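All heavy atoms count here, side chains included; hydrogens, waters and symmetry mates do not. Note on naming: letters A, B, ... go to the chains in the order of the sequence lines (proteins, then strands), and numbering restarts at 1 for each one. Please read all numbers here as calculations on a predicted model, not as lab measurements.
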Number of protein chains: 2
Amino acid sequence: MAAESPEAPDGRRLAVMEDVAAMAGVSAMTVSRVLNAPEKVRPQTRARVMAAVRALDYRPNSAARVLATGRSGVLGVVSFDTTLYGPASTVFSIEQAAREHDYTVSIVSLSSLNRRSIGEGVERLRGQSVDGIMVVAPHESAADGLKELPADTPLVAVGAGADVPFPVVAVDHRAGAERAVRHLLSLGHESVLHLAGPADWVDASGRTDGWRAALEAAGRSAPVPPAGDWSARSGYEYGRQIAADPEVTAVFAANDAMALGLLRALREAGREVPGDVSVVGFDDVPEAAYFPPPLTTVRQNFGEVGRRAFDLLLDRIGGVSAERSRRVVEPELVVRESTGVPRGT
Amino acid sequence: MAAESPEAPDGRRLAVMEDVAAMAGVSAMTVSRVLNAPEKVRPQTRARVMAAVRALDYRPNSAARVLATGRSGVLGVVSFDTTLYGPASTVFSIEQAAREHDYTVSIVSLSSLNRRSIGEGVERLRGQSVDGIMVVAPHESAADGLKELPADTPLVAVGAGADVPFPVVAVDHRAGAERAVRHLLSLGHESVLHLAGPADWVDASGRTDGWRAALEAAGRSAPVPPAGDWSARSGYEYGRQIAADPEVTAVFAANDAMALGLLRALREAGREVPGDVSVVGFDDVPEAAYFPPPLTTVRQNFGEVGRRAFDLLLDRIGGVSAERSRRVVEPELVVRESTGVPRGT
DNA sequence: TCCCGGCTCGTTAGCGCAAACATTCGCGTG
DNA sequence: CACGCGAATGTTTGCGCTAACGAGCCGGGA
């Protein structure tokens, strides 16, 4: 025996399929069919069963269904710090897509990231019998964690780098950065400085690559850039370092928060934006249009990322082998008022 | 018969408890005990079982356990738009607290809120046999949705208003707003304008109440304030309206994003902050310290909210009846550079 | 010596559902 | 009017686990 019979909120025993069957005068199997394949049941019978379902406020026990079918209707998401704008938006859009297809989403939100934590997160979810897993962990080191997983786990890596043994959906950070830098060069800037994101982030390295590629394509040199930590504070500190240098006329910050700090440091130092220095960010957070001045930045379409990731995962669950496929979402340059022609041009 | 035997990633059948039992030379029941109540098994036997568990890479099937025990180890969270800073932070801290206690979190993220959507979200989760539910929906109308639920559902309403038939954990918006306004009055401001949040939000009405209470306590009048929509844009639009009025020396915006827009409008109109006008926000988003100028604001401790909500829910699941109890988390005024004595004082 | 109590482990019996197979029914056909 | 065939419904079985109880074994005390 097991399971102290759970009680309905009103104190009566929760109805099970057998109860519905009894009330409708059919077998439990017919009730099951009404719920899962209504077209196989005569309309008249179906109506009787549905009436009983409503009368008893019956709802199927998902655990029993999972046990019997092997499918749970739950997707797992392992994500790094969901208070950050990017991960939060991605997870949100995944959840929307999943809900539209009647999947529920279970989430594990990592506050620190290392090889072990990814594996633990995935394990936690597999322990809950999820049908498939998304990993939203835009870190280079996340790849190591993923490599230790069985390669045919139904898993999609969102925003992961190359060299991951799973299908990947990611924003083309490199192309976005190239667009940003080309925009600055086309305005007449001699060169463009770059404040990179944390070294371990795929997003950061992609943006740095794009910056470098655009500069080198234009025949400019691109030394190793300093790295911030995505925070406004790190942008501010970098800004203080470069504010005194009159040679600096354009800066590409790897995200909007750092750009905000940068703007502040430049203003404090008396350098005007975009008069003296042009600044470009990345993300297009909702506030970017109200930065001082409104920020030129690169918008990522997180909704698209979530939808594609979900579709891909659905394919994998359905058995479609899309190993190591990679889908790329193109970001878009949004020009506002923080960029302009350099003074004296 | 049922469930096409699921295969392990390496192609073999996934090990079940019986397999472990056979390898260890014990019964399945003993394996179960080793996993759930190790102290009831002789250390020597326990070691044999654990060895077999590792050898077969056995992991218990959660659906079967749920079916047998009636408990799932999953908590459901219904939240409004998790891309907003507040809800995202709250959900994040709930997930952290849950994970520490070996609970998994399933999430339903609502993009629009009405009486129906809350109920649907809760239904979805109940259909997944969650042990308990958190509703993070700081809307007045959410209360209506909650009232339609059976009152003894193990549910905790996070950030809900009064008059909800469930335990509530919430930030004391009113007290936070009072602190903000008293701070401005104590600097010598004759009065304080207020840009409220959307009418339907509990957070918004609480902050408005606090603003009014502080003003009236000081003998000032407090007319009905205009309401924004939390966005920087709405703060900007309000700022344009008031920028021309020299009587205005202090504004309390109901959140930081609106304060940002406000700051921008004031600057464009040539009014200095805090020289001409002082501004206070609410939230203390990570970027607030880098606004132009660094924003005086009210910090909410979302981590504390999440932890308390989780503890409360655990009590409810455990059968502790804490009906309609209300736990309040105190916010904290963070004074930065956007507030100062009014000019001419 | 025998008996009893405690510890360890096994046996039985479901939890609620759906897959596979069995059966019944209705109806058109020869 | 018997037959056959497909559609509608029923019966059986088992998914993997654990609650409840029962059996075996040991040692200590009468």
* Please state how far atom CD in A:Glu39 lies from atom P in D:dT9, giving the value in whole angstrom units. => 13 Å
* To do: Might you point out which heavy atoms bring B:Leu75 and B:Ala98 nearest each other, and give the distance in Å?
  => CD1-CB, 4.3 Å
* How close or far is atom C1' of C:dC17 from atom CG of A:Leu14, stated in whole angstroms? -> 14 Å
* Distance, rounded to the nearest Å, where B:Met29 contributes CE and D:dA23 contributes C1' -> 15 Å
* The side chain of B:Val26 lies closest to which of these nucleotides: C:dG10, D:dG10, D:dG16? -> C:dG10
* If you look at every strand shown and take non-hydrogen atoms under 4.0 Å, does A:Ser27 touch a base, only sugar-phosphate, or nothing? -> base
* Atom-to-atom span, CG of B:Leu67 to P of C:dC17 - whole angstrom -> 9 Å
* **Between A:Thr82 and A:Ser109, a side-chain donor and acceptor under 3.5 Å** => yes
* Asked: B:Asn61 has a side chain; which of C:dA19, D:dT9, D:dC17 sits nearest to it?
  -> D:dC17
* Go through C:dT11, D:dA8, D:dG16 for me and flag the one nearest to the B:Ala64 side chain. => D:dG16
* To do: Using whole Å, report how far CZ of B:Arg46 lies from P of C:dC7.
  => 15 Å
* Under 3.5 Å: donor-acceptor pair, side chain of A:Arg124, backbone of B:Tyr103 -> yes
* To do: Could you tell me whether A:Met17 contacts a base, only the sugar-phosphate backbone, or nothing, with contacts defined as non-hydrogen atoms closer than 4.0 Å?
  => sugar-phosphate
* **Nucleotide nearest A:Ala68 (side chain, heavy atoms from C-beta), chosen from C:dG14, C:dA18, C:dG10** => C:dA18
* Which nucleotide in D:dT18, D:dC15, C:dC17 has an atom nearest any side-chain atom of B:Thr69 -> D:dT18
* When you check the gap from the basic side-chain N to the acidic O, do B:Glu95 and B:Arg99 get nearer than 4.0 Å? -> yes
* Is it the case that more than 12 heavy atoms not belonging to B:Lys40 sit under 6.0 Å from its NZ atom? -> no
* **Protein-nucleotide distance (B:Asp19, atom CG; D:dC15, atom P), rounded to Å** => 11 Å
* To do: Hey, which sits more toward the 5' end of DNA chain C by its nearest nucleotide, A:Arg33 or A:Val16?
  => A:Val16
* **Under-3.5 Å donor-acceptor pair between A:Arg42 side chain and C:dG26 base** => no
* Can a side chain N or O of A:Thr45 be found less than 4.0 Å away from OP1 or OP2 on D:dA8? -> no
* What's the CZ-C1' distance between B:Arg71 and D:dA19, to the nearest Å? -> 15 Å
* **Shortest side-chain distance from B:Tyr58, nucleotide among D:dC17, D:dG16, D:dT18** => D:dC17
* Structure fact -> Taken to the nearest whole Å, CZ/B:Arg48 to P/C:dC9 is 8 Å
